[in-house]
Amino acid sequence: MSNFKVFTNGIIKENPTFVMVLGTCPVLAITTTGFNGVGMGLATAFVLVLSNIIISILKNYIPDKVRIAVFITIIATCVSVVELLMKAYTPELYKSLGIFIPLIVVNCLVLGRAEAFAQKRGVWASALDGLGMGLGFTLALTLISIVREILGNGSIFGFPFLPAEADKILLFILPPGAFLTYGLLFAVMNALKRKANI
Amino acid sequence: MESTLKNMVLSLTLISMAMVAGLGFVYELTKDTIAKAEKQKEVSAVKDVLPSFDNNPIAEMKEIDGLTFYPAKKNGQSVGCAVKTFTNKAFSGRFDLMVGFLADGTIKTIVVLEQKETPGLGAKMTEPKFKNQFNGKNPAQFSLLVKKDGGKVDAISAATISSRAFCDGVQKAYDLYMKNFVHSTSGEAAKSDSTAVKGGTHE
């Protein structure tokens, strides 16, 4: 697989949210506003790239039987780094994402890429894989959160396009709206994919 | 790679140590910026909870018994005080509140600064439905206890411990505010004396 294919793999063909259905907890929980979606996606992408790089560098020094423990140690460190950086430079975003930033540790997408890709491949390919997967995740989160924000809050990235007194479909900001939006977008994605024969 | 006890212990130990070192480095790097961001949050909370004022409460802050007081004045007259208070009785240890009092001890607004309570239960104390019930109430008449304990506060359902802790934090702020700022308004000297003594016993 060429490097370019490794990169685009995560965005389209094996999109973590719409194809592999990995790490759906943050997908459903935090996609209430566009900013949350982008922020969570980029934080996860950062963790993916960093942990993929470290794991691919260390892959020859990790005994098979303890590899999961080592991966989790590395991933937890990366997540703590992201947490500290967000606390320092984007405190507002950190506050609105709350508990879901530390929970990236248990996002199976991150461990999944370590296990399926980074422990077998070189540093450069692993970094690209992490970036592709992270961007695919970010795009999916952004898409879902924009739909939910438009329908439930009448705004796009915080800019309201409806008057404040207009009726909005509050359901879409609430948890059931997450499932509805996710399911419907999933159907649209599958239809598009069938048409394009991917 | 083949796993033996020796290489498993060695690789886990070394990798954990390297990760801890890296994390420590980032912590040192971001420590000051985080402290500054938190201070910023406190300053904006002070403005949120106080009535209109024309002095600089941040410059006039006083620390008494671990609580921080930001007195607000208008034309030299005390109009109230923002108190950064805390409780150790919360479900997950400690949380910090910023309580705004008017000059007579009436609660104006409360802002939750930092909390780790359970999302969906205790964390509901950040929602207006719970914390706005204190607005405009004077703890002298409005007993700061949950209804179960004979007070007047509507507890969050299924989170009585967090609600009690919230009351505890507010009560502590109220008691110290009344003791150090309100009852001694007769003389400026007496007031600064009592705070000086209090400040001395702290730590």
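To find a chain, count down the sequence lines: A is the first, B the second, and so on, and within it residues start at 1. Note that the structure is predicted; figures quoted are calculated from it, not measured.
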query = Quick one: what part of A:Leu58 sits under 4.5 Å from any heavy atom of chain B, side chain, backbone, both or neither?
reply = side chain
inquiry  = Tell me whether B:Ser3 contacts the main-chain N or O of A:Lys65 through its side chain, where contact means a donor paired with an acceptor under 3.5 Å.
reply    = yes
key: pair A:Ile54-B:Met19: side-chain heavy atoms closer than 4.5 Å   =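 Yes. Closest side-chain heavy atoms under 4.5 Å.
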So with a 6.0 Å cut-off around [atom1] of [X], is the heavy-atom count from everything else above 12?
{"X": "B:Lys41", "atom1": "NZ", "result": "yes"}
{"X": "A:Tyr61", "atom1": "OH", "result": "no"}
{"X": "A:Phe161", "atom1": "CZ", "result": "yes"}
{"X": "A:Asp167", "atom1": "CG", "result": "no"}
{"X": "B:Glu60", "atom1": "CD", "result": "yes"}
{"X": "B:Ile161", "atom1": "CD1", "result": "no"}

As an exercise, state the distance from [atom1] of [X] to [atom2] of [Y], rounded to the nearest 0.5 Å.
{"X": "A:Leu84", "Y": "B:Glu28", "atom1": "CG", "atom2": "CD", "answer": "11.0 Å"}
{"X": "B:Met8", "Y": "A:Arg67", "atom1": "CE", "atom2": "CZ", "answer": "12.5 Å"}
{"X": "A:Glu83", "Y": "B:Ile34", "atom1": "CD", "atom2": "CD1", "answer": "9.0 Å"}
{"X": "B:Ile15", "Y": "A:Ile74", "atom1": "CD1", "atom2": "CD1", "answer": "5.0 Å"}

query = A:Pro63 pairs by side chain to side chain contact (heavy atoms under 4.5 Å, CB included) with which of B:Val9, B:Thr4, B:Leu5, B:Asn7?
reply = B:Asn7
Leading residue by heavy atom contact count with chain B [cutoff under 4.5 Å; candidates A:Asn60, A:Asp64, A:Leu85, A:Ile62] =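 Option with the top pair count is A:Asp64.
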